[in-house]
Amino acid sequence: MTEDYTFDEYGANPGDPLPMREGYSSHGRFERVLRAGEFAITTEIAPPDSADPDEVLNRAALFDGYVDAINATDGSGANCHMSSLGVCALLTRVGYSPIIQMSCRDRNRIAIQGEALGAAALGVCSVLCLSGDDVSVGDHPEAKPVFDLDSVSLLQTIRTLRDEERFLSGRKLDEGPRLFLGASINPFAPPIANRVDQFAKKVAAGAQFVQSQYCFDMEMARSFMKRAVDRGLGDKCFVLMGVGVLASAKTAMWLRSAIPGVHIPDEIVRRLEQAERPREEGRAIAVELMQQLAEIEGISGIHLMAYKQEQFVGEIVTRSKVLGDRKPWALASAEDALQVNIGHQYQAAQG
């Protein structure tokens, strides 16, 4: 570990931003964990079909002490839910490290730039730039898609806001958004030979971390990472490889037939078919994949996707032991530390 990534000084509450450090892009804890050389874990929260903030916070509580950041999906599958920005605002307020997902499907460059500023003002420190699923696959197929930008030009846009402190129009900002920039990669989508080129293109556009599509094939992962490391991409960008939690062989077969770029070897499907308890076997497979990925040069962490199995994230992370003795941030520990800090301030004031 090269840097301390912990709480630093507390402000009025656990949601206050950490002090800015020279050479860093954000005030966020997620960036600090990665720059400290720690192996990181991220996961996803499915935004509710509701305006109830407790639904968000109760879901996030499942991840307390197990993950370093939480992605808030942005109309995943082109289906409508609470906005990613809304979820991130709720999570940030109590101290979690959310990653806002921002897709190009629903917004033009005016809305995108305004949302990036708003997210940063609300304390969101990390953004994942996505093109977005087409509306034809979602629950509002009659909606009009936008796609004014794509994932690469979206990265360039937010980097311009942050580093040059100006809009794309050229108009100057009073203050740029302090955002840690991320992108998605899919090492397993054909043509496989072009995947590292696409990764390099996103790094050149400003990506500082990437999260991958589901990884179930270790040989493909090793091959991709060797080519990426040989090109120096591992030194320029943090790679978090995606691991999915499969509920059954039926789920596995549907994923590899319906989701482009999802490659699930027959061996994994057979394990699930032959298992007496397929859900338990799916979790065991996720644990094994995490352990193997943690040994591959250039991989800085895992993006653990446990759709409708979020309650098992803690178990999977604990069993994998990929974090060693490190305990990620948790709301309870932050509140305890805050009370200690307040007590010290009170004692100092009393002389």
Study note, to complete from the structure: Closest non-hydrogen contact found for Leu240 with Ile302 is CD2-O, 3.9 Å
Practice item. Check whether NZ of the Lys or CZ of the Arg Lys327 lies under 6.0 Å from the centre of the six-membered ring of Tyr66 and within 45 degrees of that ring's axis. Key: yes
Exercise for review: Determine, using the 4.5 Å side-chain heavy-atom cutoff (strictly less than), whether Leu233 and Phe39 are members of one ILVMFWY cluster.
Suggested key: yes
**Study point:** Distance under 6.0 Å and angle within 45° of ring axis: Arg105 vs Phe147
**Key:** no
**Study point:** Which atom of Gln101 lies closest to which atom of Asp74, heavy atoms considered
**Key:** O-CB, 3.1 Å
Review point. Would you say Gln292 and Arg222 make side-chain contact, with heavy atoms under 4.5 Å?
Key: yes
Check your understanding: Under a 4.5 Å side-chain heavy-atom rule over Ile, Leu, Val, Met, Phe, Trp and Tyr, are Met102 and Ile45 clustered together?
Key -> no
Study note, to complete from the structure: Correct closest heavy-atom pair for Ala116 and Leu179 would be O-CD1, 4.0 Å
Revision key, fill the gap. Result for side-chain hydrogen bond (donor to acceptor under 3.5 Å, both in side chains) between Ser25 and one of Arg159, Arg178, Gln208 points to Gln208
Point to revise | Nearest heavy-atom neighbours spanning Pro47 and Met82 | key: CB-O, 3.3 Å
Exercise for review: Kindly say whether the aromatic ring centers of Phe30 and Phe209 come within a distance under 6.0 Å.
Suggested key: yes
**Study point:** Heavy-atom side-chain proximity of Arg107 to Glu115 below 4.5 angstrom
**Key:** yes
Practice item. Begin with the C-alpha distance, continue with both residues' side-chain angles, and end with the deciding distance and a verdict on side-chain contact (heavy atoms from CB on, under 4.5 Å) for Leu128 and Asn71. Key: CA-CA 8 Å; Leu128 190 75; Asn71 286 42; 3.8 Å; yes
Revision key, fill the gap. Pro17 and His27 have their tightest heavy-atom pair at CB-CB, 3.8 Å
Review point. Taking all atoms of both residues into account, what is the closest heavy-atom pair of Met290 and Ser320, and its distance?
Key: CE-OG, 3.6 Å
Exercise for review: Please tell me if the side chains of Ile41 and Leu323 come closer than 4.5 Å, counting only heavy atoms from C-beta onward.
Suggested key: yes
